[in-house]
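Worksheet: the structure to be examined is printed underneath.
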Amino acid sequence: ICLAVVGLGLTQSIIGIWEFITNNSLNLYGAAGQPVFAGNGYFFLYLRAARTSGAYFDPISLGNVLVIAIPIALYLFADKSLTRVWRIFTVSSASVMMVAIIITLSRAAWLGLAAALIVTTFLTKRKSRFVPIAIAGVLLGLVGMYAYAKYGVVVRERFSSIFNPVSIKVTTRAGDILRENQWSVSWNAFLQHPLSAVGFGNIEALLQNIPNSGRFVHPTSIYLEYLS
């Protein structure tokens, strides 16, 4: 099962890298194979850099899969009971997936990967405990240096926005301000109705009162969506 997850992550990463190189999208939800990145806003195009999504609907979905697959691949690499062929496969897959998770430009995926690697370190056998995070550090260092050299402005701004997403220097400032307001309204709705919440579908009516919320609104957090 774990090797299957790694294989899935590798397959999606290859598709994502192909999308990034060719600027075409394997869009199974419509317009398959078309250059759909241009003109779709920062969700798919950030500072003219394509945010690839593999065969999924959006870059965040690809990032979510890789947050699971990369630590598993590195955990398996540290497992000396596997044959050399499988260990080479897992570390090679992790290398490709590292590239893919960076070009998703998903901040949540980056943070999730950091947390997952820390957890993986403690779950690995004591003799090999620091192997996954050490290998991840080396791979991220190499991939990160290449990404910074080729797309320095994009990677630097996206990474720095993690620490201050509403900075005036951040391109996605308006969207992040809206997201924070949506979180605030959703959390307050939960505090006011901690037992019954406001009911399915009703939180959208509250969120539409937020300035510049647009027509389609949601809490932008599955946890707050259920809580509210």
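- Here the closest non-hydrogen pair linking Gly9 and Ala69 is CA-CB, 4.1 Å.
- The shortest side-chain heavy-atom distance between Thr120 and Leu74 does not fall under the 4.5 Å cut-off.
- Thr52 OG1 to Asp58 CG: the interatomic distance, rounded to the nearest 0.5 Å, is 11.0 Å.
- In this structure, the side chain of Glu19 engages the main chain of Ser53 through a donor-acceptor pair within 3.5 Å.
- Here the CD-CD distance, from Gln182 to Glu204, works out to 10.5 Å after rounding to the nearest 0.5 Å.
- The CD1 atom of Ile203 sits 4.5 Å away from atom CG of Leu206, with the distance rounded to the nearest 0.5 Å.
- Hydrophobic clustering, defined by side-chain heavy atoms of Ile, Leu, Val, Met, Phe, Trp and Tyr closer than 4.5 Å, groups Trp187 together with Trp183, Phe190, Leu191, Leu224, Leu227.
- The minimum heavy-atom distance between Ala116 and Pro71, with the atom names listed, is CB-CG, 3.6 Å.
- Two residues are said to be in side-chain contact when any heavy atoms from C-beta on lie closer than 4.5 Å; Met97 and Leu113 fail this criterion.
- Taking the side chain as every heavy atom from C-beta outward, Leu62 and Pro59 never approach each other to under 4.5 Å.
- Note: Phe20 CZ to Ile102 CD1 = 10.5 Å, rounded to the nearest 0.5 Å.
- Results of the side chain to side chain contact (heavy atoms under 4.5 Å, CB included) test with Val96 over Leu66, Ile70, Thr11, Ile17 single out Ile17 as the only residue that passes.
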Sequence neighbours left out, cut at 3.5 Å: what donor-acceptor pairs do the side chains of residues 1-8 make with other protein atoms?
none

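- Proximity of a side-chain donor or acceptor of Trp18 to a complementary backbone N or O of Gly54 within less than 3.5 Å is not detected.
- A heavy-atom distance below 4.5 Å is found between the side chains of Ser186 and Leu207.
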Between side-chain atoms of residues 86-93 and protein atoms elsewhere (two or more places apart, or another chain), which donor-acceptor pairs fall under 3.5 Å?
from  : atom 1 : to    : atom 2 : distance (Å)
Arg87 : NE     : Phe77 : O      : 2.7
Arg87 : NH2    : Phe77 : O      : 2.8
Thr90 : OG1    : Trp86 : O      : 3.3
Thr90 : OG1    : Arg87 : O      : 2.8
Ser92 : OG     : Ile88 : O      : 2.7
Ser93 : OG     : Phe89 : O      : 2.7

